[in-house]
S.K.: 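Mind looking over this structure? Questions follow.
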Amino acid sequence: MSGSSIWHPFTQHGLGEPIPLVIRAEGAALFTADGRRVIDAISSWWVTTHGHGHPRIMAAIADQAARLDQIIFAGWTHEPAETVARGLRAIMPDALTRVFFSDSGSTSVEVALKMALGYWRNRGEPRHRLLVMENSYHGDTIGAMSVGERCAFNAAYEPLLFDVGTIPFPYAGQAQATLDALETSCREGAAAFIVEPLILGAGGMLIYSADTLAEMRRICAAHDVLFIADEVMTAWGRTGTLLACEQAGIVPDILCLSKGLTGGAVPLAVTMATEPIFAAHCSSDRARMFFHSSSYTANPLACAAAAANLAIWREEPVLDRVRSLAARQREQLAAIAALPNVRNARALGTITAVELGDAGGYLSDLAPRLLAFFRDHDLLIRPLGNTIYVMPPYCMDDRDLALVYERVADAAGLA
Ligand code: PLP
């Protein structure tokens, strides 16, 4: 365990919980300084797709480090970024012609919101109202929090958050209410609608249908409201396809990608946009440029990792691995779904989730007890309140997967 001055994210230091010191990772396993092998059942916060330390990604970073570490990206470019942009254009929907780099899922969302507002302003039709879905999570910067659910995560910052229009979540049997609310809000005028396609992650792994997603896209298009797909969690095979949007047969106007963009090895994000959105910013008038950057935009080492990830997607049977993991996850889930205390078992692609007992809410005291139980049993799982989800790297083998579900079944007894 480490005793240090570090202030950790989403960690209540006042509880005095131990903070394991990790010294190495490989595939689906983390190794701690005190000699434990811990199974990473949540892909280190949903980023690790192929597995930790994928040799091609590690080699690409090392190779790039020997040549070019960092270069300003405003008005300059470099080969790894160009390779990533070409690679994304080749596998992402054709209509998404432009690639804007940033550093995290939250910044990809900030960029998306700014692109949407810039688009309308530069067209001389300033629209600024943003529509969002209830229970959403889009990150922890001010704009990303503003378009997310108002909850314990952001209560202290409420005075800084801007007003948005919130569409109800399409719980089973209630999709029409969602669509009607979206239609009404779109008719009243809005710049954009931002949504997590098919599954709301931090909001509780809430799944909704591809039909509803397709219909939401149709409504936005009918009212000229830009459709922003936040695929920060859902892309790169997580939901069973490269993009979750594919399952609804839709293409957004703006697409946010991060996490698995580098296979989960190093931070990087992109926001992809259609040509009209780029064109609205492209002019001889400098006042219409897209005013966004950060020091490390398109860092070459991160781009080299992303380029290697794209090569893996082109050359290795990634979707076969995803399908295999998804099928094995469903089998394991079926075995625990009927246990006493286990409710609402659900699965989408490589993600499964259950609720334990009735003690809901992110701040329920069940969560820290579950966290401690999993930590004590050499498992990395972070419950969302009483929701336990499993989201492994695609390389997880049967033995580790069975162990994960055995422990989840044991944890049901704690609720
Ligand atoms: N959007 C979604 C859907 C997410 O799940 C997350 C993070 O979990 C984010 C945005 C924010 O990403 P980051 O933590 O990299 O800023």
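Start at 1 and go down the list; that is how both ligands and their atoms are numbered. Note that the coordinates shown come from a computational prediction; the quantities given were computed from them, not determined experimentally.
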S.K.: Is there a heavy atom of K259 sitting under 4.0 angstrom from any atom of ligand 1?
M.R.: yes

S.K.: Please list, in number order, the atoms of ligand 1 under 4.0 Å from a heavy atom of M233.
M.R.: 5 (O)

S.K.: For the pair E331 and R328, find out whether any cationic side-chain nitrogen is under 4.0 Å from an anionic carboxylate oxygen.
M.R.: no

S.K.: Would you say G105 and ligand 1 have an N/O pair spaced under 3.5 Å apart?
M.R.: yes

S.K.: Salt bridge or not for E315 and R56, using N-O below 4.0 Å?
M.R.: yes

S.K.: Given V232, D103, I199, T234, identify the one with the heavy atom nearest to atom 9 (C) of ligand 1.
M.R.: V232

S.K.: Between L179 and Q176, is there a side-chain heavy-atom distance shorter than 4.5 Å?
M.R.: yes

S.K.: When you measure from the side chain of N386 to the backbone of L366, do you find a donor-acceptor pair of N or O atoms at a distance under 3.5 Å?
M.R.: no

S.K.: Relative to each other, are the rings of W45 and F10 parallel, tilted or perpendicular (30° and 60° limits)?
M.R.: perpendicular

S.K.: Can you tell me how the ring of F373 sits relative to the ring of H377, calling it parallel under 30°, perpendicular over 60° and tilted otherwise?
M.R.: tilted

S.K.: To check your reading of the model: name the closest protein heavy atom to atom 16 (O) of ligand 1, its residue, and the distance in Å.
M.R.: S106 OG, 2.6 Å

S.K.: Would you check whether W46 has a nitrogen or oxygen atom less than 3.5 angstrom from a nitrogen or oxygen atom of ligand 1?
M.R.: no

S.K.: Considering non-hydrogen atoms of the protein only, which is the closest contact for atom 10 (C) of ligand 1, and what is the distance?
M.R.: H138 O, 3.2 Å

S.K.: Are any of the N/O atoms in D230 less than 3.5 Å from those in ligand 1?
M.R.: yes

